[in-house]
Every structure is written in C-alpha cells, then in structure tokens.
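This report concerns only the one structure given below.
So that the names make sense, note that chain A is the first sequence line, chain B the second, and so on, each numbered from 1.
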2 protein chains.
Amino acid sequence: MPRSRTGTAARPTLSKVAEAAGVAVSTASLVFSGSGPVSDATRRRVLDAADRLGYAGPDPVARSLRQGRSGIVGVVIGERLLYAFRDPVAVALLDGLTEELAPAGFGLLLLSGSSGRTGPAPEQVERAPLDAVVVESCGGDDAPAVSTLHHRGVPIIGVEGTRLPDVPMVSIDNHGATVELTRHLVELGHRRISVVTLPMRQPGTHRGPLDDSRRATATSTTGIDRLRGVEDALGHAVAAWEASDGLIEEGHRAGLELLAGSPHQRPTAVVAQSDLLAVGVVHAARELGLRIPQDLSVTGFDGIDTPWLGDLRLTTVEQPMTEKGRAAGRMVVDVLAGARPDPVMLPTTLRVRSSTGPAPE
Amino acid sequence: MPRSRTGTAARPTLSKVAEAAGVAVSTASLVFSGSGPVSDATRRRVLDAADRLGYAGPDPVARSLRQGRSGIVGVVIGERLLYAFRDPVAVALLDGLTEELAPAGFGLLLLSGSSGRTGPAPEQVERAPLDAVVVESCGGDDAPAVSTLHHRGVPIIGVEGTRLPDVPMVSIDNHGATVELTRHLVELGHRRISVVTLPMRQPGTHRGPLDDSRRATATSTTGIDRLRGVEDALGHAVAAWEASDGLIEEGHRAGLELLAGSPHQRPTAVVAQSDLLAVGVVHAARELGLRIPQDLSVTGFDGIDTPWLGDLRLTTVEQPMTEKGRAAGRMVVDVLAGARPDPVMLPTTLRVRSSTGPAPE
DNA sequence: TTGAAAGCGCTAACAC
DNA sequence: GTGTTAGCGCTTTCAA
C-alpha cells in the first residue's frame, strides 16, 4: 500500500480539540467514548470545540492500537468474486455473517482471489488488521492463507470443509443428508445413479470422470462426504463426474456427458451436489430430449431458488445457508470474548419435489 | 466492539525480536519492511529470532497508525447483502474493485445494510479504519453514511447516482443509451411504450405507478435518467411503474400490472430499467399468454447473462459492469496518491436481440 | 550499516 | 469530575 497520507489538510486530533476546549485529552476522550463521568458543561465545551475544528471523532486506527482490536473480521473467499458470488450459498454465508457481526460492531473484510490467482493475495493476508477470520471450505488453495493467519495468531472460524486442529467449525451433515436423499431415489426404484460432484480440490481447474486417484487427492471434504453418502446408501460405488465449480454451466456439461448413453445404459437418476449443478443437468437432459422426472430424476443440494426451471421444482437437501453464516458470526463474537465455542452441526431437510419420480421401465 | 484482546498468549513484538537478536528495534524493522540496508548477517539473526519467537511480522494496526494508512477501502452497500448480491451488476462492481485494489495492496471492507436497516450501521461508518470509500448510487439512504464519511475526511469515489460536490465519479450515459434503445423501438413501429423503473429512492419499499409527485422526490438519478431517455426519444411522457428493487420478482409484478389491459390498450413494448426486471416482465407476459416479440417487445439494461429465458435473448443496453469497478478502483489509488482524478464516463452498447420485434397490428 | 529517540493518536490507570 | 502519565507496536528521521 502507498506511503504517506494525502488528501485534505491535516485532520484535527483529540489533543487539539482538548486544547481548544481547555481540558485534558483524557477528558476529551471520555466525552467521545462515553466511558466515564463528564460534567455536562465540559462535555459541551469539548463537543463545541470538536465542531469548530471539524473533528469527527477518534481516529479508528489509534483507537485500535490502544485497544488491541480492529473491529474487522476477514472472510477468505478463494475464488474471484465474480464467480464466488454467483453461488447463492456463498452470498448467504456472507449475509448471515454480517447480520451477526455488524450489530456486534465488526466489519467484514473480503480476502478474495482474483483473475490472476486463486486464494487471497498473501500480502493482504499478512497485513490486514484482523480480529478474526472466517474460512469456508478451507483446504486446497486456501491453505497458505490459513496457515499464515494461524501463524499470525488470528483466530480462525471454519465453515464446512477440512477440519483444522483448534478451529471451531460450523458444518452440516453432508453424509447423512445424502444418504437420506439417496434412499428416496432407491425407494423410487432407481439403481443406476450417477453423481455430479463439486470440485475435489481448489483451484477448480479440473473436470472429468472422478477416478480413485483423483479422489485420493481431494482436499474438499464436502464433495467427498456427499459422494460417500450416495455410495453408502447404495452399498456400492457409483459413476461420478467431477465439476470444476458448482455452477449451472458445469452441471450442463456434466449432464451432457453422463446422459450420453442409450436408455439402458445411462443413469435413471443424477445426484448433483449443488442445486446449480442440478439446474445444469436438467437443462442438458431437456436438450437430449429427456423428460423429467419421467425419463430421468435429478436431485440437487442447498435449497436455493431455481427460477431457471420453469415449473419444475428440484428435489433437494435444504441447508440453512444464512444460518451457517450467523452461527459462524456468533462464534467469532464468542471467540473474541474469550470463549472456546463448541463445533456446531446445523440440521438439513430433505425436500422431495417434482424433479424426482419412479425409475423408468 | 468488545474490549480487550483475548486468545492465545501475548504475541511477540518487534522489540522482543530485536532484543532476542541483539539489535535495535529500528534495525529489526528494516528487516521486515525491506526499506533500508541491512547486512546479511544481521538480517539472518533477526529472522532467526523471529522464527524462534513465532513472530509473524509487524502488527498491521501499529504500522497503519505510524504510516497513516490502513490499506482498507470501504464499499457502501445500502441493502442487505442477500439482496444486493442478487444483482449481477453489484457483484461485478465489487469484482472490478478488488481486481484493481488487491494488487495495489488494499482490502475491501463491506459497509452494508442488514435486515434491520437500510444503509450501513452508523457505528461502523464512524469507526472503520478507511483510507477511502466507494459508494454506488449514493443518495437516499446512503446519504447519512456518505456525509459522515465526508466529515471524517475519508476520500469518496462515486459510482453512478447522485453527483456530490468534490466526489470523482464513474458513470455511464444512462440517458443517451436509453434514447438509442427507444429509437430502436420506435423504428420497429412501437408507440405505446411503458417503462418499469428502478426504485426512485432508497430504501426501495415503494412500488406502483410512478406519478409526478413521487418522481419529484427521486434521489436516484439512474432511474430518472433512463426514464427521461425514453420520454425524450418519444417526445412525450410515458406510463411508468416503479419497482421496489431491480430484481426478477419485481419485474414480474410490474409486468402483470402493465400488461393487464386489452390488446389495444396495453403497451406493445416494455422498457425495463434492468435485465432482471426485464426477465420478470417476460415471465409475466408469457403467463398472460403473450408471445415475445410477436405480441410484446421487452428491453432490459445491463447486459447480464439471462439463463432464465430459454432461447429468448434480451435486447438490452450493455454496460461495462466490471470495468466500472475497475475504474473506481483506479480512482481510489489515484486519489490516495494525491491526484484529483477526472470523472469517467464509460461507453455502453445497444444489443438488439430477439426480445424486440415489429409492433403488432 | 546500525542505534537512539521521537512520536503516530488514542485510552486506561491512577491520582487528585 | 478532571488531569497526569504511560504506553499500544511500529516506522522514521537523524546521528554515529
């Protein structure tokens, strides 16, 4: 960051104000912080002086230095915002976070990737004045950032993904939820089930059939947990296609791949690991002339609005997206208050809707 | 924000490191800042000591105080993130901003509204350690925040919306672009044209026919400029419906209202002031049994992807959404370098596609 | 190439 | 109620 302060002429400081008001700085400080008794007359004199000098209150940086708190909480967002915020789940997380943090007096600083790099710029991670940081799906490309932050002693709160030692986590039961979802499909008679997975690691530059070796190098537990849920419910391995992100276009590509075979080869159901992927799969299926759910059942995950599907409503696992952010926000507040919060596991709900039906034949 | 620092035992400071290395603090400082000559031997001793003590580099807050720079740029986002980030235009702005600011060493702090209030919490606006702030569509509910920031002496960069004295702006030619768009409709034979406008002021709690009194109290110039463009191209006033936000659902409501009349009363073209509103209008039209563009032409504004429309492609005004953010980011950098950047007006492009056609009859 | 000293602007003890 | 004093942790002259 650039060097010296520029802009408008030197701002007045508290001591100038105190001087102008004829009181001690400490007294003036009390006027602004409100944390101590000040006579009305004095208060007025100080405020008048502040007004006269155009003093807008204590310098936040000086105050932070003194108090050992910056009032800033970071959020690590691996991708470029343009992509990250296409995902309603990421947006909801942020929303929940601010809902909880803003009233507590904390601001949210984005530590995001950019076109040149996945993961936040190291320089920022090293230099941002953070009281704490929230990391979603940590692992993979976020790892360097996370370890820098850990080294710096910045308290870390995790949301889903890899568990880190000493990091309080907010998560959902990805495995259990997918087991339940898969049982629903099995009850409908589906046996040939394929999965479209989230990226197994960041950066999501890879797409294709998910083989064992690729699977072994996964750093994202979310995708793995959801995949295992399907397999455990079925009792055997399934064909899976790994997407390079969790968005519609990737689901579309995956759908075209998975549904290419003849009616007796291709899956009768596709389990997509996000609703957006599922939307893409539905689009692909329709292009291939398949009716949903008569010819193909499709399931999603998340429970977002899907206005892209016309009347079709996705069968999906609804997760409390905003609440995840809120819970993480509360953890931040607790940690900064000196507590060691317990991990939180939020509940999910299976929503059976019109995108699933009895297996064909 | 809470008081004292908590968490892991007191972090080592630069002076501890210097002491352990047997050098002066100032020398140790040079090792980390790299801004001065240090012998290799000394450097090594200092880094070793830092390693041994688990010192992760200079405290950002102390550094900021000394240097008079926090490395943080605020973005005022009037609404709750959950709504604001549904708008691809807002997301693209943020994306462009970070693209430009992250490499320059600045982080982005969100100053957003929340469920309880529109506009950022005053406490945050007063206490955040900002080097500068970017405000989109300032005016209305952001006004208090903006004036606080101004008072604090925080340099402000504006993106669209109300012009403020002394605030460098990034904008587009909303009026001119809409004139061109409307001419296209006129050439197609359209005479009965209705407009769906963006909210005329924040908070967007109002929806309904836009009458003169309401129009007179507008604080958002974007909606007004685009509306005037239509009127100036037509040479007369038009019926307009004010939406309470710029999203799909509002466009849908507006569409149902505007298209309720008989074929000879209802408009033959609807000019929506955002692509999302246009998508909603299209949905409404289809529900009412109207074919597009045979029975009704619909135009948007922005140039976002619209995967909600099937094969229909929106005729729209494409604006450089990300570039707006980049330009604003560059302005921030310039202002902090002591420059007084000139206002920037970015170009737009009319995209004629399949949602407009000859007027019926 | 290194060290000593000043001080960024503020708050929190403590004394009066 | 108000003033005095001592730093928060760092960078930056300036001198050696």
Roughly how far, to the nearest 0.5 Å, is CZ of B/R45 from OG1 of B/T27? 9.5 Å
Check this one for me: any side-chain N or O of [X] less than 4.0 Å away from OP1 or OP2 of [N]?
X: A/Y55; N: C/dC10; result: yes
X: A/Q67; N: C/dA12; result: yes
X: A/S29; N: C/dC10; result: no
X: B/R63; N: D/dT11; result: yes

Atom-to-atom span, [atom1] of [X] to [atom2] of [N] - whole angstrom:
X: B/R152; N: C/dG9; atom1: CZ; atom2: P; result: 14 Å
X: B/R11; N: D/dC10; atom1: CZ; atom2: P; result: 11 Å
X: B/L30; N: D/dT11; atom1: CG; atom2: C1'; result: 9 Å
X: A/L14; N: C/dA12; atom1: CG; atom2: C1'; result: 13 Å
X: A/R69; N: C/dG9; atom1: CZ; atom2: C1'; result: 20 Å
X: A/E19; N: C/dG9; atom1: CD; atom2: C1'; result: 15 Å

Side chain to side chain contact (heavy atoms under 4.5 Å, CB included) between A/K324 and A/L346, intermediate numbers included: CA-CA 7 Å; A/K324 260 158 87 173; A/L346 297 172; 3.6 Å; yes
Apply side chain to side chain contact (heavy atoms under 4.5 Å, CB included) to residues A/L110 and B/L110 and explain how you reach the verdict. CA-CA 8 Å; A/L110 300 179; B/L110 300 179; 4.0 Å; yes
Among C/dT2, C/dT11, C/dG9, the nucleotide that comes nearest once only the side chain of B/T27 is considered: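 Of all the options, the side chain of B/T27 is nearest to C/dT2.
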Which nucleotide in the list D/dG1, C/dG7, D/dC8 gets nearest to the side chain of B/R66?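 In terms of side-chain proximity for B/R66, the closest of D/dG1, C/dG7, D/dC8 is C/dG7.
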Are more than 12 heavy atoms, taken from residues, nucleotides or ligands other than B/Y55, located less than 6.0 Å from that residue's OH atom? yes
Select base, sugar-phosphate, or nothing to describe what B/P37 touches, counting heavy atoms under 4.0 Å on all strands. base
Please determine which of B/V133, B/L109, B/D131 meets the side-chain contact (heavy atoms from CB on, under 4.5 Å) test together with B/I72.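 The residue from B/V133, B/L109, B/D131 that satisfies side-chain contact (heavy atoms from CB on, under 4.5 Å) with B/I72 turns out to be B/L109.
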Return yes if the base of D/dT5 and the side-chain atoms of A/S26 contain a donor-acceptor N/O pair under 3.5 Å, otherwise no. no
Hey, are B/E323 and B/R330 close enough for a salt bridge, meaning a charged N less than 4.0 Å from a carboxylate O? yes
Could you give the angle between the helix axes at the two ends of the helix from C/dT1-D/dA16 to C/dC16-D/dG1, with five pairs per end, rounded to 10 degrees?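 It works out to 30° between the end axes.
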Would you say the side-chain atoms of B/T148 pair up with the backbone N or O of B/P144, donor to acceptor, closer than 3.5 Å?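 A pair under 3.5 Å: yes.
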Return whichever of B/A24 or B/L65 has its heavy-atom-nearest nucleotide of DNA chain C closer to the 5' end. B/A24
I'd like to know whether B/D166 forms a side chain to side chain contact (heavy atoms under 4.5 Å, CB included) with B/R340, so could you lay out the CA-CA distance, the side-chain angles of the two residues, the decisive distance to 0.1 Å, and finally the verdict. CA-CA 9 Å; B/D166 253 14; B/R340 299 281 245 91; 4.2 Å; yes
Starting at the 5' end of DNA chain D, which residue's closest nucleotide do you reach first, B/G57 or A/V23? A/V23
Kindly state which residues belonging to residues 38-53 of chain B come within less than 4.0 angstrom of DNA chain C, counting heavy atoms of the residue only, listed by number.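 The stretch gives B/V38, B/S39, B/T42 as the residues lying under 4.0 Å from the strand, ordered by number.
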Would A/S39 and A/T42 count as having a side-chain donor-acceptor pair, cut-off 3.5 Å?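 A donor-acceptor contact under 3.5 Å links the two side chains.
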Stepwise, does the side chain to side chain contact (heavy atoms under 4.5 Å, CB included) test hold for A/E136 with A/V76? CA-CA 7 Å; A/E136 188 186 14; A/V76 175; over 6 Å; no
